[in-house]
Protein chains: 2
Amino acid sequence: MEVINIYKCLCDEQRLRILNLLKDGPLCVCHLMEILGSDQVKISKQLRYMKGMGLIAGERVAQWMVYRVAETDSPLLEENLKCLQDCAAERLGFARDSAHRKSLLAKLKSEPNACSSAILPFLQATS
Amino acid sequence: MEVINIYKCLCDEQRLRILNLLKDGPLCVCHLMEILGSDQVKISKQLRYMKGMGLIAGERVAQWMVYRVAETDSPLLEENLKCLQDCAAERLGFARDSAHRKSLLAKLKSEPNACSSAILPFLQATS
DNA sequence: ACAGCATATACCCTTATCAGCATATAAGCC
DNA sequence: GGCTTATATGCTGATAAGGGTATATGCTGT
């Protein structure tokens with residue numbers, strides 16, 4: 001994880017929101033779409049960008065892709081994700097996103113369907 | 001100072017080196033040129049970029065321009081400059097740059113010339 | 001006013017990002 | 001094998017960044 005590449009990922013609002021969500025645990029593309037209220041292509045491209053930079057990793061689970069913050073993460077990234085909680089949370093709506101993530105995961109647990117039963121084990125790995 | 005703009009400034013190696021130097025005190029363009037071993041236009045453009053983003057401020061002193069990290073700095077920028085000391089110092093040659101800065105300022109003090117006598121008071125304001 | 005130094009800006013070109021739209025791949029189900 | 005869902009990629013156009021060269025501006029000293 002190159003210093004410059006970390007910052008390149010951090011200088012986009014949508015990527016910051018994605019990282020803020022993933023830092024609490026893995027998510028799949030469809031969840032990110034729902035939480036961010038964005039479309040599939042945009043999300044996929046941002047994920048590819050960050051994967052190329054080494055910040056995140058993706059793993060296929062049946063027809064879904066589960067993304068997580070890369071294991072080999074640097075203190076720099078960690079520090080920033082932490083610091084952003086205080087510096088940018090309001091500005092970027094982190095609280096709203098995180099709450100949305102929580103309720104979405106709760107719904108997945110209480111109303112099982114194909115998706116939830118396949119990927120829930122993977123989501124719980126970290127969060 | 002917008003979060004995104006801070007990161008935009010941080011995602012270039014030369015700008016990181018400049019910020020690392022300025023965090024220890026103001027410098028003028030000619031010093032940055034010498035320390036970074038870069039040409040005037042490149043430095044000037046990076047300075048303008050960062051000034052536009054609100055990270056640094058410049059002040060004219062006679063025919064020189066003295067740049068410093070903007071007063072209204074955010075905890076995010078401060079944290080990063082601190083963290084970079086550990087995370088990127090070696091990779092980006094911060095130690096070399098800082099040593100170069102130190103010796104250059106020492107020379108300015110011991111061998112007064114037009115430049116040094118004009119701007120030294122401004123440099124000492126912070127460092 | 002002129003010359004000289006320090007710095008900034010304009011212009012051109014190349015490359016990187018980003019969005020929007022269409023299409024391809026991959027897995028699961030019938 | 002077709003159909004559906006989930007995700008990725010390709011293509012195009014727009015905008016931003018970054019390097020290089022030339023030129024403009026601002027200040028100083030004569």
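Below, all heavy atoms of this structure are taken into account, side chains as well, without hydrogens, waters or symmetry copies. Throughout, protein chains are lettered first and strands after them, A, B, ... in sequence-line order, and every chain is numbered starting at 1. Keep in mind the model is a prediction, meaning the values are calculated, not measured.
Among residues two or more places apart in sequence or in another chain, the salt bridge (charged side-chain N to carboxylate O under 4.0 Å, His left out) test is passed with A/Lys102 by none. For B/Ser116, the side chain to side chain contact (heavy atoms under 4.5 Å, CB included) test picks out B/Leu108, B/Pro112, B/Asn113, B/Leu120, with sequence neighbours left out. For A/Glu34, there are no salt bridge (charged side-chain N to carboxylate O under 4.0 Å, His left out) partners two or more places apart in sequence or in a different chain.
Protein atom CG of B/Leu36 is 15 Å distant from nucleotide atom P of D/dG18, rounded to whole Å. A straight line from CG of A/Asn5 to C1' of C/dT17 spans 14 Å, rounded to a whole angstrom. Between the C1' atom of C/dA16 and the CD atom of A/Gln46 lies a distance of 14 Å, rounded to the nearest Å. The CG-P distance, from B/Asp12 to C/dT15, rounds to 18 Å in whole Å. The nearest whole Å value for the distance from the CD1 atom in B/Ile43 to the P atom in D/dG18 is 13 Å. In this structure, OH of A/Tyr7 is placed 17 Å from P of C/dT17, rounded to the nearest angstrom. Straight-line distance from the CZ atom of B/Arg17 to the P atom of D/dG18: 16 Å, rounded to whole Å. Rounded to whole Å, atom C1' of D/dG18 lies 13 Å from atom CD1 of B/Ile18.
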Problem set entry | B/S/- contact track for nucleotides 20-30 of chain C, protein heavy atom under 4.0 Å | BBB----SS--
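For residues 105-123 of chain A, the set of pairs meeting the salt bridge (Lys or Arg N to Asp or Glu O under 4.0 Å) definition, not counting sequence neighbours, is empty.
For the 3.5 Å distance criterion, the side chains of B/Asn20 and B/Gln85 qualify, holding a donor opposite an acceptor.
Here A/Tyr49 does not reach the OP1 or OP2 of D/dA8: none of its side-chain N or O atoms lies under 4.0 Å away.
Note on B/Lys51: nothing from the nucleic acid sits closer than 4.0 angstrom, heavy atoms only.
For the pair A/Met53 and B/Arg48, both in contact range of DNA chain C, the more 5′-proximal nearest nucleotide belongs to B/Arg48.
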Hey, can you pull the donor-acceptor pairs under 3.5 Å for the side chains in residues 43-51 of chain B, sequence neighbours left out?
unit_1: B/Ser44; atom_1: OG; unit_2: B/Gln40; atom_2: NE2; d: 3.4
unit_1: B/Gln46; atom_1: OE1; unit_2: B/Arg15; atom_2: NH1; d: 2.9
unit_1: B/Gln46; atom_1: NE2; unit_2: B/Asp12; atom_2: OD1; d: 3.3

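Using a 4.0 Å cut-off between charged nitrogen and carboxylate oxygen, B/Glu2 and B/Lys8 do not count as a salt-bridge pair.
Looking at the side chain of B/Gln14, the nearest of the listed nucleotides C/dT17, D/dT7, D/dG19 is D/dG19.
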